[in-house]
Structures are given as structure tokens and as C-alpha cells.
Amino acid sequence: MTGKQVGSVGDDQMIDGNHIFSGLKVLDLVSFIAGPAATTILADFGADVVKVEPPVTGDPYRFFSTTPPNPVSEFNYAWQLTNRNKRSIGLDLKSSDAKEVLLRLVRWADVVVINFPPRVKAALGVTYVALSPLNPGSSTPTSQAMALQAPRPTHRVSTSQRFGRAQAS
């Protein structure tokens, strides 16, 4: 057999530059499950992902394993699963000094992934409208819980109706 066998034990597949997302630069402004999972997949396939976390404490997801009903463990497997293959920087996004660093990172990135609630994005100045002029060629996907986007009902809806279960008469 000629050539390099993909997936051999001992191969360092993440740094060889031959992956579908090699060369893609991703700025990760996400926490908790969906956002970190998405950027981890990009990193797994070669993207250079820089995760922004609050200084000192880091991303609150780092402490997810200590909250019930998670099993007691020495390791935070959820964190390791959804934040591997990334670089990290601590920035206080409320600080004006950190804001300049963040803007430089936005200009650097091909993709900026954000999953803050809309009010938080607006308060921090990290909305699509605010960031897209800094790097017109970049993509800025967002991930939010569906409940944040769903319109509020104008009439009362029972839990059974909301989840599609018929009510017993």
C-alpha cells in the first residue's frame, strides 16, 4: 500500500493541514452544548478555533460537571468533549481594553460563532450588525434556544396543548 493511511494510531491528524477546514479561522463566543459542539466539529476537521472566555473563572461550562444531576467525576467530560482542539483567550467583554482585542479577533476570523441571548449580544456590541462591517467576508452564525426566538402566544395554552398531547375529557 502506498501513501499515508488515514486514521492510523499515532497520527496527529489535526495539524497536518490536509483537512476540509484547514486554514479556516474561527472565533468562538459560545458556551453550553450547541455552540461549543459546532465549533469543536470545525476544530476536529482542521479549523483554527480561538475560544473567548471570561478571565479568571473561564467559561461557566467548565463547571458543568459539578452541577446535579451529573455524576460525580474528577473530570468534566462535557467540557472535554465540546472544547477539544481549541485555543482559548480570557477577555472581559465588558471592558473597553478587551473590546479592541475582540475587534482584532473579529477582523482575523473567517467565521464568528455567537450564542449569547439577543440582549447580551446587544449589550456587548457583538451583534451581526455591529461585527459584519469589521470583516465583510466573514460569516457570523448564531445559535440560541428556540424559546428565545419563538413568539409569545396571545392566548393561554395548556402544557398539554403546547406539547401536542390530547387532553382527556
Side-chain angles (χ1 to χ4, degrees), residues 7 12-15 19-95 98-99 101-103 105-106 108-132 134-135 138-153 157 159-165:
D12 192 345
Q13 296 181 20
M14 294 296 98
I15 62 170
H19 296 280
I20 192 163
F21 293 128
S22 293
L24 183 70
K25 298 174 289 193
V26 179
L27 180 59
D28 175 329
L29 297 168
V30 299
S31 184
F32 292 99
I33 306 170
T39 55
T40 296
I41 292 168
L42 294 172
D44 286 350
F45 286 97
D48 181 6
V49 178
V50 175
K51 178 172 185 55
V52 175
E53 301 183 66
V56 183
T57 60
D59 185 335
Y61 198 39
R62 286 182 177 271
F63 308 101
F64 182 73
S65 66
T66 63
T67 59
N70 290 305
V72 175
S73 174
E74 178 181 347
F75 302 103
N76 185 345
Y77 293 107
W79 172 262
Q80 293 174 350
L81 180 65
T82 58
N83 287 286
R84 64 184 179 269
N85 296 326
K86 300 177 186 180
R87 296 186 291 155
S88 180
I89 184 170
L91 288 177
D92 178 358
L93 297 179
K94 297 174 186 172
S95 158
K99 191 69 161 188
V101 175
L102 177 66
L103 298 180
L105 287 167
V106 169
W108 164 84
D110 298 312
V111 178
V112 179
V113 184
I114 304 169
N115 75 344
F116 299 141
R119 286 185 207 150
V120 174
K121 285 192 290 189
L124 295 175
V126 295
T127 62
Y128 175 79
V129 171
L131 298 182
S132 63
L134 300 172
N135 191 344
S138 72
S139 173
T140 309
T142 61
S143 168
Q144 298 167 349
M146 292 303 290
L148 295 174
Q149 298 174 350
R152 297 221 180 257
V157 178
T159 302
S160 296
Q161 291 170 321
R162 190 175 304 140
F163 295 104
R165 293 186 292 261

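Checking side-chain atoms of Lys86 against main-chain N and O of Pro36 turns up a donor-acceptor pair under 3.5 Å. Counting only distance, with no hydrogens or angles, the side chain of Asn76 and the backbone of Arg62 share a donor-acceptor pair below 3.5 Å.
In this structure, CG in Asn85 is found 11.5 Å from CG in Leu42, a value given to the nearest 0.5 Å. If you take CG on Leu105 and CD1 on Ile89, they are separated by 5.5 Å, rounding to the nearest 0.5 Å. Of the inter-residue distances, the one linking Ile114 atom CD1 with Asp28 atom CG reads 10.5 Å to the nearest 0.5 angstrom. In this structure, the separation between CG on Asp92 and NZ on Lys99 is 11.0 Å, given to the nearest 0.5 Å. From Phe32, atom CZ reaches atom CZ of Phe64 across 7.0 Å, with rounding to the nearest 0.5 Å. With rounding to the nearest 0.5 angstrom, the OH atom of Tyr77 is 14.5 Å from the OG1 atom of Thr82.
Checking Lys51 against Thr39 by side-chain atom types alone, no donor-acceptor pair falls below 3.5 Å. Residues Ser65 and Asn70 have side chains that never bring a donor and an acceptor to within less than 3.5 angstrom of each other.
Looking at Phe116 and Val30, their side chains never come closer than 4.5 Å, going by heavy atoms from C-beta outward. Using a 4.5 Å heavy-atom cutoff, the side chains of Val52 and Leu27 are in contact. In this structure the side chain of Val126 reaches within 4.5 angstrom of the side chain of Leu131, judged on heavy atoms. Counting heavy atoms from C-beta on, the side chains of Asp48 and Leu24 never come closer than 4.5 Å. Side-chain atoms of Leu124 and Lys94, non-hydrogen and from C-beta on, do get closer than 4.5 Å to each other. Looking at Ser31 and Glu53, their side chains never come closer than 4.5 Å, going by heavy atoms from C-beta outward. Residues Tyr61 and Ile33 are in side-chain contact: their nearest non-hydrogen atoms beyond the backbone lie under 4.5 Å apart. Contact check for Val112 versus Leu29: side-chain heavy atoms found under the 4.5 Å cut-off.
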Problem set entry | Evaluation steps, side chain to side chain contact (heavy atoms under 4.5 Å, CB included), between Val26 and Asp110 | CA-CA 6 Å; Val26 179; Asp110 298 312; over 6 Å; no
Exercise. Given the rule in the salt bridge (Lys or Arg N to Asp or Glu O under 4.0 Å) test, do Arg84 and Asp44 qualify, once you have shown the distances and angles that lead to the verdict?
Worked result: CA-CA 8 Å; Arg84 64 184 179 269; Asp44 286 350; 2.5 Å; yes
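Legend: residues meeting salt bridge (Lys or Arg N to Asp or Glu O under 4.0 Å) with Arg119, ordered by chain and number and at least two apart, are absent.
The minimum heavy-atom distance linking Pro54 with Asp59 is given by the pair CD-N, 3.9 Å.
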